[in-house]
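What follows is one structure encoded as C-alpha cells, with my remarks underneath.
Remember, it's a predicted structure, so these values are computed and weren't measured experimentally. Computed over heavy atoms, backbone and side chain alike; hydrogens, waters and symmetry mates excluded. Naming convention: chains lettered A, B, ... in sequence-line order (proteins, then strands); numbering from 1 in each chain.
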Amino acid sequence: MTEDQKPQDENQLIVVRREKLERLRAAGQAYPNDFRRDTLAEHLHGSFGECTVEALEAHEEVFRVAGRIMAKRGQGKVSFVELMDSSGRIQLFVQINALGEAAYEAFKGWDIGDVVGAVGRLMKTKAGELSLRVSELRLLTKSLRPLPEKWSGLTDTETRYRQRYLDLIVNPDVKAVFQKRTQIVRFIRQFLDTLGFQEVETPMLQVIPGGATARPFVTHHNALDRELFLRIAPELYLKRLVVGHFEKVYEINRNFRNEGLSTRHNPEFTMLEFYQAYADYRDLMDLTENLIRDCALSVNGSTQLRYQGRDYDLGRPFNRWTMAEAVAKANPELDPSRLGDADYLRPIVKAKGGNPQPGYGAGRLLTELFEATVEADLLDPTFITEYPTEVSPLARCNDANPQVTDRFEFFLAGREVANGFSELNDADDQAARFKAQVDAKTAGDDEAMFFDADYIRALEYGLPPTAGEGIGIDRLVMFLTDCASIRDVLLFPAMRPESN
RNA sequence: GGGUUGCUAGCUCAAUGGUAGAGCAGCUGACUCUUAAUCAGUAGGUUCGGGGUUCGAGUCCCUGGCAACCCA
C-alpha cells in the first residue's frame, strides 16, 4: 500500500503493531485456536485468594487461563501482567527462568490489549497478590489498536456508545449494568411463567402497524412487492392469540417507533406485553405492583432504591389516583367539577403551554393538561387510572362512565413505565374507534391508527373479557441500575452516522 | 424544534490572537516481587470539516457535522 492510500488512522502506534503481526504471520499461525483454558480469574480468587504462601506452594495443581493483557510491568528478567477475562483479573508472574530466553524475549514485545493464554501454578507475591506463576505463555490474538489510558480510562460518551466493545474492555461498571439487565429480564420471564403465562413471538414485520399511536418505520418486501411496517407494538397479534385460547400470553421483544432520539427514547426499544383472559385492569395493577417490587428485591436485594440522587420506596403500596384527581391536585386553582368540559379546558391547556388542536375533545384536553402539569412530578410509584376514552382507542369503557376507560398507566420517577387496561372486546365498538382513528389520520394526525379489518374479524369470533399491559423494559432497567440515559442500558444505542 | 457547552497526539487533558505541550500508552536501553512500577533517552499533530477577519487563528467571526446537558 502506498503512502497516500493508507487510512488516516494508520498512525505510528498501529504501524508498529502491524509490523509485529507480520512477524507473527511469518513465524506460523498468527491466530491460533487450539488453546483451552480450564478456569476463570474469579474462580482462582474465590478458591485460593485466602490461601497462605505455604499452602499455595504445596498445591501442585496446574491452571490454564486466558484473556486480555490489561497492564504489563516489566522488570528485566521478571514481569507482571494483569490478565482480564470475563470474570475479572488475575496477575501473571512471568520469569525468564521458567519460560526460557527466546520465549521471554518474544513476550517482551507483546502489547497491552493482546489476548494470551497462560499455564502455571498459583503463588503469592511478596506483596501478597495471588498470581499465576507462568510455565507456558502463548499469544492468541494480536491487538492492533492501543487501548485507552489505564488510569483515566475512556470517558468520551460518544466513543463509549459508538465503540461499546472498547467501553466494555476498559470500564468494568458498564458490564455490570448489562448483567443486571439480563437478570431483570430473566426475573420477569420467571415471574410470568410461574403465573402460568406462555411466551410467544409475533410478527415484527406487519402489513398494518397497530397497537399504539406512533409513527412507524416503513420497509418494502420485494417478493410481495408491497409496503411493510416494523411493528410499533405487538398488541393486536397477542389479543388474536387470546381469541385462540392462549389465555395467558406474553412477549418480550423489540418495538420500533420512527421518532426522535433522546435520553429517554431510542427508535428501537424493548417492551414486555402480556394479556390475561378473565381479568381486569385492577388485577393487572396488583400484578404490576408485585412484579416491580419483587424484581427490585431480586436484582438489587432491596425495595429501597436510589435513583439519580433521590430515594424511592417500592415496599409501600403504590399510589392509585384517577387522572382527574391528579390534575385537580396539581392545579388547585381549577374547578374540579368542570374537568369534563372542553370549552373550560381548552384555554387552560393553552395557558399551560399545550397546543390544543380544534378537534380535541375534553378527554384529550384533560390528557394534555395531565402531561403538562402532572406527569413529570409523579416521582413515587403511582398508578393513574380513568384515562379518557378519546385517547384510549383499544381500551374498554368504564361501566359507570363511558367517557373514561378501565385503563391505567404506571409512573415512576416522573416517567411512564407501564400502560395497561381492560381490553375492548366489543367488535362493533372497536370498529367505530378504528374509524375515528382513520378520520383523525385523514385530518392530518400521522400517529393515528389504521383500520385493521382482520383484528375486527377476530373480535367478532369473541375475545373473552381480558386485561393486557405493556411495560417498557429499558426504562425499568434504567431505574433499577440508576442510569440517567436510555443509552446507558442499550448495548448499541442509535447514533447518527459518524461524519468523516 | 430551541438554548448552552464541548470536539487538540491512541487515551486523559493543557495552551493572553504570537514557536501546539504534559501524563499515560509507544519506541530504544537498564532493572529477577511489580501494583498508575521505577530510571535514562526518543518519537508521535489535517487542533472535527469548509469559509472569513488578521502581518499572524487551536483561540475571533460565519457555516456545516457529531456529542452531552437543559427546555418544549
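- For the pair A:Lys329 and A:Trp321, the cation-pi criterion (under 6.0 Å, within 45° of the ring axis) is fulfilled.
- Side-chain atoms of A:Lys180 and A:Asn300 include a donor-acceptor pair closer than 3.5 Å.
- Distances were taken from every side-chain heavy atom of A:Phe80 (C-beta onward) to each of B:C33, B:G10, B:U12; the shortest belongs to B:C33.
- The shortest distance between the side-chain N/O atoms of A:Asn11 and the OP1/OP2 oxygens of B:G10 is below 4.0 Å.
- As judged by a 4.0 angstrom heavy-atom cut-off over every strand, A:Tyr161 is placed among residues touching the sugar-phosphate backbone only.
- Heavy atoms of A:Glu129 sit under 4.0 angstrom from at least one base atom.
- Look at CZ on A:Arg162: it is 12 Å from C1' on B:C48, rounded to the nearest Å.
- Remark: of the listed residues A:Lys150, A:Arg68, A:Arg73, A:Arg73 is the sole one forming a salt bridge (Lys or Arg N to Asp or Glu O under 4.0 Å) with A:Glu82.
- Counting any heavy atom pair closer than 4.0 Å across all strands shown, A:Thr159 reaches no nucleic acid atom.
- Between the side chain of A:Lys441 and the backbone N or O of A:Ala448, at least one donor-acceptor pair lies under 3.5 Å.
- Regarding contacts with the backbone of B:A68, a side-chain N or O of A:Arg487 is found under 4.0 angstrom from either OP1 or OP2.
- Between A:Lys142 and A:Asp114, at least one side-chain nitrogen of the basic residue sits less than 4.0 Å from a carboxylate oxygen of the acidic one, meeting the salt-bridge criterion.
- With a cut-off of 3.5 Å on both Watson-Crick or G-U wobble distances, the partner of B:G26 is given as B:U42.
- Between the side chains of A:Glu149 and A:Ser152, at least one donor N or O sits under 3.5 Å from an acceptor N or O.
- Contact annotation: A:Thr157 side-chain N/O to B:A67 OP1/OP2 distance is not under 4.0 Å.
- Pairing partner, B:A37: none, since no Watson-Crick or wobble contact has both distances short of 3.5 Å.
- For B:A68, the paired nucleotide is B:U4, the pair qualifying as Watson-Crick or G-U wobble because both relevant distances are below 3.5 Å.
- Of the two residues contacting RNA chain B, namely A:Ile96 and A:Leu147, the nearest-nucleotide position lying further toward the 5' end is that of A:Leu147.
- When heavy atoms are screened at a 4.0 angstrom cut-off, A:Leu154 is found touching the sugar-phosphate backbone but no base atom.
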Any protein N or O atoms within reach of nucleotides 40-43 of chain B? Criterion: under 3.5 Å, listing atom names and distances.
unit_1	atom_1	unit_2	atom_2	d
B:A43	O2'	A:Gln12	NE2	3.3

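- Residue contacts for A:Asp111: at a heavy-atom cut-off of 4.0 Å it reaches the sugar-phosphate backbone alone, with no base atom in range.
- Comparing A:Gln91 and A:Lys20, the nucleotide of RNA chain B nearest to each residue sits closer to the 5' end for A:Lys20.
- For B:U12, its base never sits under 3.5 Å from the side chain of A:Asp156 at any donor and acceptor pair.
- Salt-bridge annotation for A:Arg364 and A:Glu390: absent, with no side-chain N of the basic residue lying under 4.0 Å from a carboxylate O of the acidic one.
- B:G18 is paired with B:C55 under the Watson-Crick or G-U wobble criterion, all donor-acceptor distances under 3.5 Å.
- Taking atom CG of residue A:Leu261 and atom C1' of nucleotide B:G1, one finds them 14 Å apart after rounding to whole Å.
- Comparing the P positions of B:U63 and B:A14 gives an interatomic distance of 27 Å, to the nearest angstrom.
- Salt bridge status for A:Asp474 with A:Arg264: absent, with no side-chain N to carboxylate O gap under 4.0 Å.
- To the nearest whole angstrom, the two P atoms, one in B:C48 and one in B:U54, are 23 Å apart.
- Between B:U47 and B:U8, the two C1' atoms lie 4 Å apart (nearest whole Å).
- Of all the residues in residues 64-78 of chain A, A:Arg73, A:Gly74, A:Gln75, A:Gly76, A:Lys77, A:Val78 reach under 4.0 Å from RNA chain B with at least one non-hydrogen atom.
- In this entry the distance linking NZ of A:Lys124 with P of B:U34 reads 16 Å, nearest Å.
- Between B:G10 and A:Arg145, no contact under 4.0 Å exists linking OP1 or OP2 to a side-chain N or O.
- In this entry the distance linking CG of A:Asp114 with P of B:A25 reads 15 Å, nearest Å.
- Following rounding to the nearest Å, A:Glu19 (CD) and B:U28 (C1') show an atom-to-atom distance of 15 Å.
- Looking only at atom types and distance, the side chain of A:Arg231 has a donor-acceptor partner in the side chain of A:Asn255 under 3.5 Å away.
- Atom P of nucleotide B:U8 and atom CD of A:Glu158 are separated by 10 Å, given to the nearest angstrom.
- Per the geometry, CG belonging to A:Leu13 stands 9 Å off C1' belonging to B:C27, to the nearest Å.
- For B:U34, the base has a donor-acceptor partner in the side chain of A:Thr125 [N/O atoms by modelled type, under 3.5 angstrom].
- Taking atom CD on A:Glu498 and atom P on B:G49, their separation rounds to 15 Å, with Å as the unit.
- There is a side-chain donor-acceptor pair under 3.5 Å between A:Asp482 and A:Gln308.
- Looking only at atom types and distance, the side chain of A:Thr125 has no donor-acceptor partner in the side chain of A:Gln91 under 3.5 Å away.
- Dashed line: the shortest gap from a side-chain N or O of A:Arg496 to OP1 or OP2 of B:A67 is under 4.0 Å.
- A donor-acceptor contact under 3.5 angstrom links the side chains of A:Tyr104 and A:Ser79, judged on distance only.
- Of the P atoms belonging to B:G23 and B:A43, the separation is 14 Å, rounded to the nearest Å.
- Closest contact between the side chain of A:Met123 and the listed nucleotides B:G26, B:C33, B:U32 involves B:C33.
- In this model, the phosphate group of B:A37 is not approached by any side-chain N or O of A:Lys126 to a distance below 4.0 Å at OP1 or OP2.
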